[in-house]
Amino acid sequence: MAGFDKRVYSYEEAMAGLEDGMTVISGGFGLCGIPENLIAEIQHRGTRDLTVVSNNCGVDGFGLGVLLVDRQIRKVVASYVGENALFEKQLLSGEIEVVLTPQGTLAEKMRAGGAGIPAFFTATGVGTPVADGKEVREFKGRKYLMEESITGDFAIVKGWKADHFGNVVYRHTAQNFNPLAATAGKITVVEVEEIVEPGELDPSQIHTPGIYVDRVICGTFEKRIEQRTVRK
Amino acid sequence: MALSREQMAQRVAREMQDGYYVNLGIGIPTLVANYIPEGMEVMLQSENGLLGMGAFPTDAEVDADMINAGKQTVTARIGASIFSSAESFAMIRGGHIDLTVLGAFEVDVEGNIASWMIPGKLVKGMGGAMDLVAGADNIIVTMTHASKDGESKLLSRCSLPLTGAGCIKRVLTDLAYLEIKDGAFVLKERAPGVSVEEIVAKTAGKLIVPDHVPEMQFAAQ
């Protein structure tokens, strides 16, 4: 790699340096906008004892669900994990730990982590089990929880288009957690559908500026749909 | 007769106002979109990052990158915007949503809501529900008045782990429309043909019954 050329040409290279026990932050909502090939590469590498931070944990056999097969995940931080039978089994048997986190709090934990803010206060979760063990402080007569931000050893991100500088745009609601995850990784890896020529992306339309991105790889995607719903 | 799911959606839709930004939860709340009054413009927010949710797509329009918070394929209407999950919850937490409609397992006289966890059974997670109830001022909870076994879901104190504390002021059940005020449910309307006595019998929490409780009106379908 030279200068600002962040392109890599193999998934092995894209995930180089990932080790047992690391924290991986992943973009995606359900199966929409997930870095499916980067996840598959983690499965292939056989990395273990991972802490995975992601809104969901995939489904059986796809997305982050593939990392459950060989018990590569030790802990999951997520807002909703209801689509995965293997996950349920490992949770009930105590093989995996889950920290259920409100969706907006999870998004803000990533955003804050990437922005150098160690913690923030939110009214979300006050008076609920989410508040257990957390500092509560009153501002203007209302109670707020202190929530600590999250950073990861790796962030894995799915974009639509990128240039070799690592500038990324996302497509439709496949954006979701991706730009937040991108800011919060010590090493941020973005896989995209297309790497375009320098200058092709309009600077004012960039979702993730290249400064957050360490590696870019072009892939092909299955883009599985969870709930195909059509009108007649 | 208890209200059907469609009638519950119809009743909630009457709380819409022109120009409202609205977040609809999964289940009955989703159906509310079908009954937005003619001539009224409402923008639906989906918390995965879409403001201005449109109809479900045709077969040809289906796009894996275009889904709602229920993970269903959707379209975006004219005037829509798409953004990150942090931006989406900034709108929600910041109080910018005019009306939130969501389901629940239990609600109590203090405005507490339980909707995400039944201990001993699988815990799937709260998704965005805790942010939605903490961020919105105007919330309507839709649920059946009692469980299939006849146990009231309108309680003195929620028995399940809470989603939010002291945040619910309005509840629409299949039997009644109620407000929560000063530590009690106030019966405002009853479903057509449902007696006040039945509602009293199925409400475990303190219930205030005014002298006159109007019946909800529905146009013949």
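All values reported here derive from a predicted model rather than from experimental measurement. In what follows, every chain begins at residue 1, and chains take the letters A, B, ... in the order their sequences are listed.
Heavy atoms closer than 4.5 Å to chain B are found in the side chain of A:N56, but not in its backbone. Heavy atoms of A:P179 lying under 4.5 Å from chain B belong exclusively to its side chain. For A:R111, the part lying near chain B is the side chain, with the backbone staying farther off; criterion is any non-hydrogen pair under 4.5 Å.
When only modelled atom types and interatomic distance are considered, A:N176 and B:S85 share no side-chain donor-acceptor pair under 3.5 Å.
Judged by distance alone, the side chain of B:T73 and the main-chain N or O of A:T229 form a donor-acceptor pair under 3.5 Å. No donor-acceptor pair under 3.5 Å is formed between the side chain of B:R93 and the backbone N or O of A:T124. Using modelled atom types, no side-chain atom of A:S79 and backbone atom of B:M126 make a donor-acceptor pair closer than 3.5 Å.
Interatomic distance, CG of B:N48 versus CZ of A:F177, reported as 9.5 Å (0.5 Å rounding). To the nearest 0.5 Å, the span separating CG on B:D131 from OG1 on A:T101 amounts to 10.5 Å. The structure places CG of A:L180 at 11.0 Å from CZ of B:F89, a figure rounded to the nearest 0.5 Å. Taking CD from A:Q175 and CG from B:D65, the interatomic distance works out to 11.5 Å, rounded to the nearest 0.5 Å.
Chosen from A:A123, A:G33, A:C32, the residue pairing most often with chain B at heavy-atom distances under 4.5 Å is A:C32.
Remark: A:E88 does not engage B:K124 in a salt bridge, criterion side-chain N to carboxylate O under 4.0 Å.
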